[in-house]
Every structure is written in C-alpha cells, then in structure tokens.
Chemist: 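Structure below; questions to follow.
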Amino acid sequence: MAKEKLVLVGNGMAGVRCIEEILKLKPDRFDITIFGSEPHPNYNRIQLSKVLQGDTSIKDITINDWNWYEENGILLYPGETVVKIDPVGQFVFTSKERKVNYDKLILATGSLPFMLPIPGADKKGVTAFRDIKDCKEIIEYSKIYKKAAVIGGGLLGLEAGRGLLNLGMKVDVIHIGDYLMERQLDRTAGQLLQKELEQQGMNFLLEKQTKEIIGGERVEGLRFSDGEVIQADLIVMAVGIKPNVHLAKESGIPVNRGILVNDYMETEMANIYAVGECAEHREMVYGLVAPLYEQGKVLANKLCGIEETPYVGSTVSTQLKVSGVDVFSAGQIFEDDRTKTMKVFDDYRRIYKKILIQNGKIIGSVLFGDTSEGNRLLSLIKKGADISAYTDKNESEQTRGCITATMSGEEIICGCNGVTKGVIVNAIQSQGLTTVEQVKGCTNASRSCGGCKSLVTDLLEYSLGAKFNRTDQKESICSCTELTRDEVVQEIREKGLTHTREVMNVLGWETTDGCSKCRPALNYYLGMLDPLHYQDERESRFVNERLHANIQKDGTYSVVPRMYGGVTDASELRKIAAVAEKYNVPLIKLTGGQRIDLLGVKKEDLPGIWADLDMPSGYAYGKSLRTVKTCVGENFCRFGTQDSISMGIRLEKKFERLSTPHKVKMAVSACPRNCAESGIKDLGVVGVDGAWELYVGGNGGTHLRAGDLLWKVKTEEDVLEMTGAYLQYYRETANYLERTSKWVDRMGLDHIKSVLENKETRQELNERIDEALSVLKDPWQEAIDSDDIQRELFKTAKVPAKF
Ligand SMILES: Cc1cc2nc3c(=O)[nH]c(=O)nc-3n(C[C@H](O)[C@H](O)[C@H](O)COP(=O)(O)OP(=O)(O)OC[C@H]3O[C@@H](n4cnc5c(N)ncnc54)[C@H](O)[C@@H]3O)c2cc1C
Ligand SMILES: NC(=O)c1ccc[n+]([C@@H]2O[C@H](COP(=O)([O-])OP(=O)(O)OC[C@H]3O[C@@H](n4cnc5c(N)ncnc54)[C@H](O)[C@@H]3O)[C@@H](O)[C@H]2O)c1
Ligand code: SF4
Ligand code: FES
C-alpha cells in the first residue's frame, strides 16, 4: 500500500512530539514532510531560559538533530514558512514557492509573543524572548549594554530577568499587576516571590502601564502612563503570547483565539489537524508543554487508527525555572464561596503552602519555598482525590510510594519532557536503572526544570522495592559518569590515580575523552589531592587558564599584573606605561580589584609584555586567588583601627597562585565602614579595636550574598592561620566551579565553624595548604623561560578553544 503523505507545519515542540508518537506506533505508515520557519532542527524551547541563565548552551538544547530526520526518512525544510493552504486540492505553498501535496496535514504553528502596540516598540533594542534568535540577540546586547527592562512579571519575564542578571545587566521588571505571576499565584506567594527575587538583585516596578518606548533609533528608556520615565538599553517584552493562527485563518480554516479543534484534534476542514499552542480545544488554549504532548499523543493515535481516546483537556501546573526560588501552582489557585483551604505559612523560613478543597476533593494548590510535593499534589488534583489522601497521618513514606503506585501508566511524571510513568517504569525494569540520573539519561525525565525529580525517585522506590536506596540518589559530576564528585575524589585517593585519562579509564567513563565539564574538574581534584607530584594538564584547563590571560570578545587578551593589596609605585607605573606604548595597548583600565588592566593585547605579544613588565601574573583569569583589596587603614585614615594594607599584602603574598575550585576574592578593611567591601568577598577581613573579624561566603556578583562572620581573631598571624584552614577546607570539599557563597550555604556556616574551631584540624589543613603553595611557580615567568610553551601556545595561528 502506498504511504500516505503527512505534512507537518511547525517544527516545534508539540508538532514534532506528535510525529515521534506516530513513528513509535506506525513507523512506515506515512511519508513525512516537515516545514519549520526557524532554521534549526527541533529544539527544547523551555531550555532557552536555562541558556540565558548560563546553565546550558544552545547546542545542548536540540531534541532531535539533523540525523534524526534522515534516519526516520523525514523530509525537513528548515527556514521555510508555509504561507498558504489549499484545503480542497490538499496542497501547501511555501515562502520558497514550493507546492507540496498532502493526505493529512498537521498545523503546529505555536504562538507568537505579544508585543505591546505602543509608540517606540519597533526601536532597536526591543525584543521578545521566544526563540533561539531572540536568545542570542539578548546575549549579544548584554555584552554591550548594561541596563535592561523586562515588561511582564509572569513566568517568562521573571526567567528572562534572572538570565539578564546572570549576564551582568541591571534589571527592572515592569509589571502591570500589583503582585507577580498573578495568573499562577495568589498574593501571598507572589509577594514572597518578589522578596526573594529582590534579594537576587531584580528591581520591580508594579502597577505600571508602559505608554511609550523612548529613544532615537535605539531604545533609551520607557515612559509610563503616570509620567515616570526610566532608562533602559534593552527591553524584553514578556507580556504573554497569542496563538499563531494567521496561516489557518488566511486559508479559511475556522479559528477563534486558536485554531478550533475537537476532542481528536481535528479542525473543521477534512484531513487538517492542529496541536500545540496554536490549537483551541473546548475554549482553552495552552501555553505549557504537558498539555501539548497529551494532544500530540491523541492525534498520533487518531492518525494511526490505533485507539480513539479523546482529548478532554488538561489540568496544568507551573514551576518557575529560577535557581534558588521554588514556586509551584496547579489547578484552581483562588478561594471562592465553594472552596475551603489548608494553609501553612512559615514566615521565618519563607515557606507557604496552600491547598484548595471543594466537596472534600483537592482542586488546586500553590506552593512557595518548598515545592517537593508539587507533582504529587498535581496527581491528586488530576485524579480528583479526596483530601484524606493527602492528610492521612500514616502517609509519609508509605503514601509517597502509594501515589505513584496508583497512577496509571499513561500519567505524565515529567511535564516538561512529557515522560509518562509507564515509560519510566519500563526503562527501570528493562534496563536495570537504579538512580534518577540513569532515568534522566534513558528517558529525558527531569532533564529540564527538575521539578519532577521527587516523583521519579518515588517511581524508582516503587519499582525497585527493597533494592532501592534513597542515599544512592546522587548528582554525577557530568554525563560521562554516574559517579559523584565525592565518589570520584575518594576513588582517586584510594586507587592512587594520577592522570585524568587514568581516572576516566579506571572509573569506567562513558566517553573516551571526557567533556568540558569533567576534564577541568578532574584536573583540579587530582592537583588538590597530590600537589607535590601531580603534573597539571594544561589541555584540561579552560582557554583563559591555558593562556594565562583573559580572552576578550574580539579575540584579543587582557593582561593584569599583580599589585599586592592594590598598592603600586612609580617604577611599576612607568613599566606599565612603557609596555602600553610599545605594544600599542588600546585600553588601560583600573579594575574593581585595585589593579591595572591592559586590554586589547594580541596573543603573540603576551610573552613579550610579561617579560617587559617583569611583574607576577595577577591571575585575573584563574580559578585561584584573584585580588586582596585593601582600604588605606590606620596609617592614613582617621577611622582605621588596624593596618589593613599590610594585612592584605601578607594575605595576597601567601595565597597567590593557589588553585581553588572557583575564583577567590579577598578584602581587608580597617574598620566596619568597609571601604574595601569586605562584606561581599569570599573572605573579607574587617579590623575592629584590637581584633580582626573574618567574614566568609560573600559575593558581589550575580548571586549577591553578604558574608557571614566566621570568627574574630586577635593578630595578623591568627588571620593567616584561620584563612589557610578555611581556604584548604573549601579546596578539599567544594565541587569544582562552586563559589564559596554557594559552598557556605551548602555546607552550613555552623558546620564550617565546628570544623575550623578545632586547633588540630586547623593545623592539619594549614600543613596541606602550605604543601600546595610550596610548589607553585609564576606562570608568566614559566612562559617567558620556555621556548616550548611559547611555540605551542603563543605562536600558533589559533588556540584550540575547546572549553
Ligand atoms: C523561554 C521559554 C521558556 C519556557 N518554559 C516553559 C516551561 O518551563 N514549561 C513549559 O511547560 N513550557 C514552557 N514554555 C512554553 C513552551 O516552550 C511552549 O508551550 C511550547 O514550545 C509550544 O510548542 P508548540 O510546538 O505549540 O510551539 P513552538 O514550540 O513555538 O513551535 C512552533 C514552530 O512552528 C513554526 N512555525 C510557525 N508558523 C509556521 C509556518 N507557517 N510554517 C512553518 N513553520 C511555522 C515556528 O517558527 C516554531 O518553530 C517556555 C517558553 C519559552 C519561550
Ligand atoms: N516555567 C514555565 O513554565 C514557563 C516559563 C516561561 C514561559 N512559559 C510560558 O510561555 C508563555 C509566555 O509567558 P509570559 O510570562 O509572557 O506569559 P503570561 O501570560 O504567563 O504572563 C504575562 C504577564 O505579563 C503581565 N502583563 C501583561 N501586560 C502587561 C503590561 N502592559 N505591562 C506589564 N506587564 C504586563 C501580565 O500581568 C502577566 O503576569 C506562557 O504560556 C507561559 O506559560 C512558561
Ligand atoms: S574602612 Fe574604615 S579605616 Fe578603612 S578607609 Fe574606610 S573608613 Fe578608613
Ligand atoms: S517536570 Fe520539568 S523536568 Fe520534569
């Protein structure tokens, strides 16, 4: 029998998922052609937020790569838009003047971002946040401009806002409502969310109606209806979406808000179907993937003639993908005359839980601060479960298993990736999976927002019974291995492993060469464990660390020589000036760490500049001690109680070049006025009368955090001793690329204190750090002295930028 011709318009998440379902059911039934306006293979739009937030990259969000289309015999036309449908002759016409015949046609054209139709909305610098193009554009803007405004305090606006903060921009979020996410949260949760995000550095302007975008050709700011004006170099509009029905409407297919479909996703035209955000079903259009995947499955069944289960609509749940903020909502969120509520509000720990009950059944929930019960509550809401299923005092561990046990195989466990219980249980059983990480690798469940992790864990428990071990559930250091950081470190220790490749071989890495995550991490752990014998692997380091200079956006480098404690003298300044002239350095800039940056240096000039400067490397590029900023202190300042300059210089001289899990910044101020900003450093020292206070875990970057008081000590020697112990404990227990701000939160200040208060432990830690410090050499001097290094790194045409 000749294959039927199936054409899909829209290469997005819903349409392609429907094709995947069809391929699973009847791989040979259709000749499939897909048109997609975007020039990319099918990708995970959800993860654009994570790309903007710097947690993943565009290349890692592809769902089905080009090979997938080829392997499944699918003809894909990327970057080609269907502009017209002839429903009678059954043809589609494209922007490239192609005419293609179909037997069945699926419309999955998604949504368009809603752009406020206000004066100035067409200026350069105003963008939506919907696709890869927008995402790249925002990232590019952030490299040039520093002040962003996001219009819309919904899911998208807040996720974009977090991304912009991570990109180093100042962010104002302008919201029309009087609290955030008013469509998904009640006022209490919305206000808690605002507080949390303010602490992360977002600024909110509530109850603001934008009247005009001001500026010349480029955006310069916003004017509100109350006359207030704010400045902005970039405006991201996130005020909602509208179903993309243009093509359907033009072609005579009935539309309302979306393309009208029945319970089998059929439009009112024969052989034309619609799924995804463009479809309107029982007066509902959806903007989240879970319902769209459900629709895709129903349509796949319909087209394959398998079983005609109707689509009856979906109960949706939402989770915000901003790290450090747990928010969940599902079903009905506002009380009315018919509802009763169960509420918990713990103001101190900022935890809020609300469950709405109607006629004894759970019908909705809002959670803030602790969302671990989210997906479980969603299941109860979907089932219309009795509140006793939740409140039963005997529930605890038993009920946790019970809920997953009573779910049907078709129920979705992972909303983002549309993975059902059946798929997970089958994978666990047929492939002998025992951990969430393995389930993630095999089924995609928990790969996106991670909100389903607890349900996946429950399913493992339910499927494995006594063989399940909760403590086995762990985060591997990367996808090349299932081992955690602690396991890898322990194995290196126990087996005496000495080289990254050896670690990979012996510990059964799934890749031969590792990846950009594990190789630098292994190089660090090996060096930390055996500083005296380990040969640092330059090729396992990030490009900046290999070249000992920071690569800039135009491919040139920056050179920052060390200036201990931020102190310099005339001779150093003369040398810097001479070098700048000799090598035509385009920009000399003072850094925030009290030193001088020579920017725009050519790679081949680096060794020459270092030799002429004859100053140590400032490690401005390294996972190492960067600077020790100091205030002028008691010798000059009338408030000074201590000699902060001398203390700072001693600290910098002692700990410079030390390899650490992430960069380390220090500061010494001679009084609590804190002119050197000791409160936002990895280690901040503050002089008080007759003593020094040591603050730890401070951070002035994207994850703004005030340092916690670790200890108060008397002498400069005490400061050095406590700092050595603290740094070494951080080196030995932190994950690679974990800043002290995160590490202190993870370990707990009390725990760190309890370790460091023991004199013997402090002494041992100091012995180990001294050992590590004893073998360090200045990398600039090494490069100057070695023709091999110069030939290998600085005279080649291009440094392989693997990382
Ligand atoms: C940044 C971001 C984060 C998100 N986070 C989440 C989340 O955490 N959880 C969640 O559930 N949802 C989230 N969403 C929403 C989710 O991504 C969408 O619901 C989902 O992608 C919609 O799928 P779709 O296939 O209907 O539309 P789309 O994914 O938009 O796909 C439609 C495709 O069709 C193409 N197209 C349109 N017209 C034509 C034409 N005439 N010819 C050819 N091609 C055409 C479009 O270019 C597009 O590529 C997020 C969305 C964004 C933007
Ligand atoms: N984590 C997630 O699940 C997630 C993340 C991002 C996007 N999404 C989806 O993407 C789609 C788009 O998200 P969204 O946040 O743009 O839509 P949304 O409709 O959820 O939120 C838009 C927000 O903008 C506000 N707004 C409207 N007009 C405004 C104005 N003139 N000025 C200021 N504020 C205004 C609204 O009050 C609303 O809170 C939605 O379907 C959403 O569900 C989901
Ligand atoms: S921190 Fe105190 S001592 Fe140091 S410069 Fe500022 S005011 Fe003076
Ligand atoms: S629900 Fe988001 S990753 Fe599973």
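In each ligand, atom 1 is the first atom listed, and ligand 1 is the first ligand listed.
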Chemist: Return the set of protein N, O or S atoms whose distance to atom 8 (Fe) of ligand 3 is under 2.8 Å, each given as residue and atom.
Modeler: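 Checking every protein N, O and S atom gives Cys637 SG.
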Chemist: Does only the side chain of Leu155 get under 4.0 Å from ligand 1, or the backbone, or both, or neither? Count heavy atoms.
Modeler: neither
Chemist: Which is closest to atom 32 (C) of ligand 1 in terms of heavy atoms, Gly10, Ala108, Cys278?
Modeler: Ala108
Chemist: With sequence neighbours left out, write down each residue that passes ring pair (Phe, Tyr, Trp, His ring centres under 6.0 Å) with Phe328, or none if nothing qualifies.
Modeler: none
Chemist: Side chains of Asn674 and Ser669: do they bring a donor and an acceptor to under 3.5 Å?
Modeler: yes
Chemist: Do Glu38 and Arg45 sit within salt-bridge range, that is, some charged N less than 4.0 Å from a carboxylate O?
Modeler: yes
Chemist: Of all residues at least two apart in sequence or in a different chain, which pass the side chain to side chain contact (heavy atoms under 4.5 Å, CB included) check with Tyr273?
Modeler: Lys104, Glu266, Asn271, Leu299, Lys302, Leu303
Chemist: Are Val419 and Val439 packed together at the side-chain level, in the sense that at least one heavy-atom pair is separated by less than 4.5 angstrom?
Modeler: no
Chemist: Go through ligand 3 atom by atom and flag the ones less than 4.0 Å from a non-hydrogen atom of Asn674.
Modeler: 1 (S)
Chemist: Side chain or backbone of Val9 under 4.0 Å from ligand 1, or both, or neither, by non-hydrogen atoms?
Modeler: side chain
Chemist: In terms of the angle between their ring planes, are Tyr43 and His40 parallel, tilted or perpendicular, with boundaries placed at 30° and 60°?
Modeler: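 Answer is perpendicular, since the angle exceeds 60°.
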Chemist: Determine, using heavy atoms of Glu80 and all atoms of ligand 1, whether some pair is separated by less than 4.0 Å.
Modeler: yes
Chemist: Which option wins on minimum heavy-atom distance to atom 37 (C) of ligand 1: Leu320, Thr109, Asn44?
Modeler: Thr109
Chemist: Would you say that Leu107 contacts Ile85 through its side chain, given a criterion of any heavy-atom pair below 4.5 Å between the two side chains?
Modeler: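 With C-beta onward as the side chain, the pair touches.
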Chemist: Would Ala445 count as a contact residue for ligand 4, given that I'm defining contact as a non-hydrogen atom of the residue lying under 4.0 Å from a ligand atom?
Modeler: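 Distance cut 4.0 Å: Ala445 fails for ligand 4.
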Chemist: Does a side-chain N-to-carboxylate-O contact under 4.0 Å join Lys24 and Glu21?
Modeler: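 Yes.
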Chemist: Below 4.0 Å, non-hydrogen atoms only: which portion of Ser446 touches ligand 4? Side chain, backbone, both or neither.
Modeler: backbone
Chemist: Between Leu156 and ligand 1, which residue portion shows a heavy-atom distance shorter than 4.0 Å: side chain, backbone, both, or neither?
Modeler: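 Side chain only.
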Chemist: Just so I know, are the side chains of Ile139 and Leu52 near enough to count as touching, which here means a heavy-atom distance under 4.5 Å?
Modeler: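 Side-chain contact under 4.5 Å: yes.
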Chemist: Regarding atom 49 (O) of ligand 1: of the candidates Glu250, Lys50, Glu38, which has the closest heavy atom?
Modeler: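 Nearest heavy atom to atom 49 (O) of ligand 1 lies in Glu38.
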Chemist: Examine the proximity of ligand 1 to Phe129 and report which part, side chain or backbone, both or neither, has a heavy atom under 4.0 Å away.
Modeler: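 It is both backbone and side chain that touch ligand 1.
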Chemist: Of the listed options (Val16, Asn42, Ile46), which comes nearest to atom 14 (N) of ligand 1 when hydrogens are ignored and any heavy atom counts?
Modeler: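 The residue whose heavy atom sits nearest atom 14 (N) of ligand 1 is Ile46.
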Chemist: With sequence neighbours left out, what residues match Glu250 under side chain to side chain contact (heavy atoms under 4.5 Å, CB included)?
Modeler: His246
Chemist: Using distance alone, determine whether Leu48 and ligand 1 share an N or O pair under 3.5 Å.
Modeler: no
